[in-house]
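Just below is one structure, and these are the notes that go with it.
Just so it is clear: chains get the letters A, B, ... in the order the sequence lines come, proteins before strands, and each one is counted from 1.
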Amino acid sequence: MISVTFPDGASRHFAPGVSGLDIAKSISPSLAKRTVAMVLDGALADLADPIVKDSKIEFVGREDPRALELIRHDAAHVLAEAVQALWPGTQVTIGPVIDNGFYYDFYKNEPFTPEDFPAIEKKMREIIARDAPFTKEVWSRDKAKSFFETKGEAFKVELVDAIPADQDLKIYKQGDWLDLCRGPHMTSVGKVGSAFKLMKVAGAYWRGDSTKPMLSRIYGTAFAKQEDLDLYIKQIEEAEKRDHRKIGREMDLFHFQEEGPGVVFWHAKGWRMFQELTAYMRRRLAADYDEVNAPQILDKSLWEMSGHWGWYSDNMFAVKSATAFLRPNDPDADQRLFALKPMNCPGHVQIFKHGLKSYRDLPIRLAEFGAVHRYEPSGALHGLMRVRGFTQDDAHIFCTEEQLETECMMINDLILSVYSDFGFDEIVVKLSTRPEKRVGSDENWDLAEAIMTRVLDKIAAQSGGRIKTGINEGEGAFYGPKFEYTLRDAIGRDWQCGTTQIDFNLPERFDAFYVAPDGSKKRPVMVHRAICGSMERFLGILIENYAGHFPLWLAPEQVVVATITNEADDYAHKVVEQAMGAGLRARADLRNEKITYKVREHSLAKVPALLVVGRKEAAEGLVSVRRLGSNDQTVMPAAQALAMLAKEATAPDLARR
RNA sequence: GCUGUUGUAGCUCAGUGGUAGAGCACUCCCUUGGUAAGGGAGAGGUCGAGAGUUCAAUCCUCUCCAACAGCACCA
């Protein structure tokens, strides 16, 4: 007999090989009926699986959060069956559960379109209504291979071949249809329920490899309850409303146009925010960094020296004089090839190298708001989030190995403090370790990873567990390990922004050195770090995070003084002047429009503070303050309102002083 | 870069093998109105670019460019 322990601590004895379903039935028929799966010793499993040893068991009902992935996974199988029923000859591949849903990749000559969804969903509902039980069989490799070969399922055959020899091949049947799958599944197809929806179609490479065939992927999502699905769809709509490309257009912050794919035209208001953000960052750096500026174009040879040309020339812009392009074979034309800088580090090494540096000078921290250009693949471009020309809040620290740990911690503290100033307090720091393709000795990698592991532990400990840490195995840069800082925005999306990278390679390549206390030449270590990462992208994140309702200090337009009647025009001008005197970005709206119209317009334009002035206010030196997002207003003396707003408009770092 | 979709006025979008329309925005006029759209008039487009088919192309075909979604990539 084996002992089975229940969540309440009670245990009972059963014959070995008893299934979860048997146990549930032995307790009560209704329990057996509402249970869709079990958690056996902490792992989700089929309810029909035999239990062969002493175990802890938990029954999982359909509404159990742990059942959600099963519902989605089962839905993926239903989707696959539906597609093969509607389009015989379509090959199935894989259909995993992902965040917020599932997908299934098919091989089909004609790709799907969203117009196919109603028919597929209808067929899915039929299959679900049939409520066939999921049954599992373990097949031999040969049986599985010949079965899928006979059916013409070449991709499945490849999957069978890829499964390690010591693993069972599991086949899940749902009525007549079956799929190779590691499971687990719920007891029957009907448990999927009706709260599912197909979301979109897309191409996707077989096995995620761009040299392999393109498959046709259908994304879907499923929930236990319709309310959950509705809520999810609402959240997607909310994210769409916050799309920085849309808000950027509506608020007149920036634009893109065809002649400049991936490069930003910053309008006055957007650039004001850019400047405000940059000014803030400069203040944060002032005490510890030296700001520098390195050239935009440098001879190709320098990029060969740095290694960038070898590693990344596919993603770099190269420039020549126009004459060289027009007369490529003319020896009298200057044919010299330059590259637009994709990174600031080589430039900073040149600055470091200029003149002898002593150990007394270290650490040297060179910062630059460096405009860089990278030839990103066209399909990667996305608003401000992925562009070809952007500004990094970059810095390179030249120091000794002994100083590394302190420098990493210092950077960490600055990054967390900056994020916190924007209200980002949920931060994850991950250490990316050595990748397969890399340069430098294993000795240096060992050293750098050891230091960074220590720092990572410190970060976690210092934050009292608030900052989550982790490791990304093999994800480091080719020249060294790195920390990646990921912040969570107001609607729960994660953005990787900051990074700290240790680099033994570049100083070596450029033969950078400092004079040690004993007079010998020593190689400095370089630390690359960025906080916002790309200023453009960080602004994009801020736009979406705040949904355009910026804190006053960042808002491009802080105050609009709107008149009710033109008798208040002179007074409005005076208030605007006073506001500007108080350091506020303010303007008057004297247009011949009703106040309701002006209120609506400035509300839609997301102006943080609207000061309405009419005859009464003009006569008594008052303003009627209406804040963005509020439907009421407060009448108060103009001076008082402006003092309040000016205080609120102080950047967080200045407010601390 | 790959797969698919899209490209018509500043924005959002209709539309047709016979060279175009709406709403909002814009300009002007009337209106001076107390917290989310007052009324009227007007101006504005080489229908993404190029080539082809046709008597005739914004519409059909091809190529290119760009955008969007996903994949791949992201020093």
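Counting non-hydrogen atoms under 4.0 angstrom, A:Ser216 reaches nothing in the nucleic acid. Nucleic acid contact for A:Leu215: none, since no nucleic acid atom lies under 4.0 Å from a heavy atom of the residue. As judged by a 4.0 angstrom heavy-atom cut-off over every strand, A:Lys598 is placed among residues making no nucleic acid contact. A:Glu617 comes within 4.0 angstrom of a base, heavy atoms only.
Ring-plane geometry between A:Phe256 and A:Phe254 is classed as perpendicular, the angle between the planes exceeding 60 degrees on a 0 to 90 degree scale with a lower cut at 30. A tilted orientation is assigned to the rings of A:Trp271 and A:Trp266, their planes being inclined by 30° to 60°. Ring orientation note: the planes of A:Phe352 and A:Phe398 are close to parallel, at an angle under 30° on the 30°/60° scale.
Within 6.0 Å of the CD atom in A:Gln257, the count of heavy atoms belonging to other residues, nucleotides or ligands exceeds 12. By the neighbour-count criterion of 12 heavy atoms within 6.0 Å, atom NZ of A:Lys197 is sparsely surrounded, having that number or fewer from other residues, nucleotides or ligands. Around the CE atom of A:Met305, the shell of radius 6.0 Å holds no more than 12 heavy atoms that belong to other residues, nucleotides or ligands. Annotation: A:Asn109, atom CG; neighbour count of heavy atoms from other residues, nucleotides and ligands within 6.0 Å does not exceed 12.
When the ring-ring contact (aromatic ring centres under 6.0 Å, His included) test is applied to A:Phe390, no partner is found at least two apart in sequence or on another chain.
Rounded to the nearest Å, the gap between the P atom of B:rA37 and that of B:rG42 is 26 Å.
For the pair A:Thr563 and B:rU32, the criterion of a side-chain N or O lying under 4.0 Å from OP1 or OP2 is not met.
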(message) One character per nucleotide, please: for nucleotides 62-75 of chain B, 5' to 3', B when the base has a protein heavy atom closer than 4.0 Å, S when only the sugar-phosphate does, - otherwise.
(response) ---BSSSSBBBBBB
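Among B:rA36, B:rG33, B:rA25, the nucleotide with an atom closest to any side-chain atom of A:Arg615 is B:rG33. Proximity note for A:Ser603 (side chain, C-beta onward) versus B:rA37, B:rA36, B:rG34: the nearest is B:rA36.
Rounded to the nearest 0.5 Å, atoms NZ (A:Lys212) and CD (A:Glu158) are 6.5 Å apart.
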Distances under 3.5 Å only, N/O to N/O: pair up the protein atoms with those of nucleotides 8-14 of chain B.
unit_1	atom_1	unit_2	atom_2	d
B:rU12	OP1	A:Arg249	NH2	3.2

Filtered N/O pairs between nucleotides 41-44 of chain B and protein, under 3.5 Å:
none

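Of the residues in residues 428-439 of chain A, none has a non-hydrogen atom less than 4.0 angstrom from any atom of RNA chain B.
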(request) Give RNA chain B the dot-bracket treatment, 5' to 3': Watson-Crick (N1-N3 with N6-O4 or O6-N4) or G-U (N1-O2, O6-N3) under 3.5 Å, [ ] crossing, | other strand. (result) (((((((..((((....[..)))).(((((.......))))).....(((((..]....))))))))))))....
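The side-chain contact (heavy atoms from CB on, under 4.5 Å) test with A:Arg587 is passed by exactly one of A:Val560, A:Val559, A:Val561: A:Val560.
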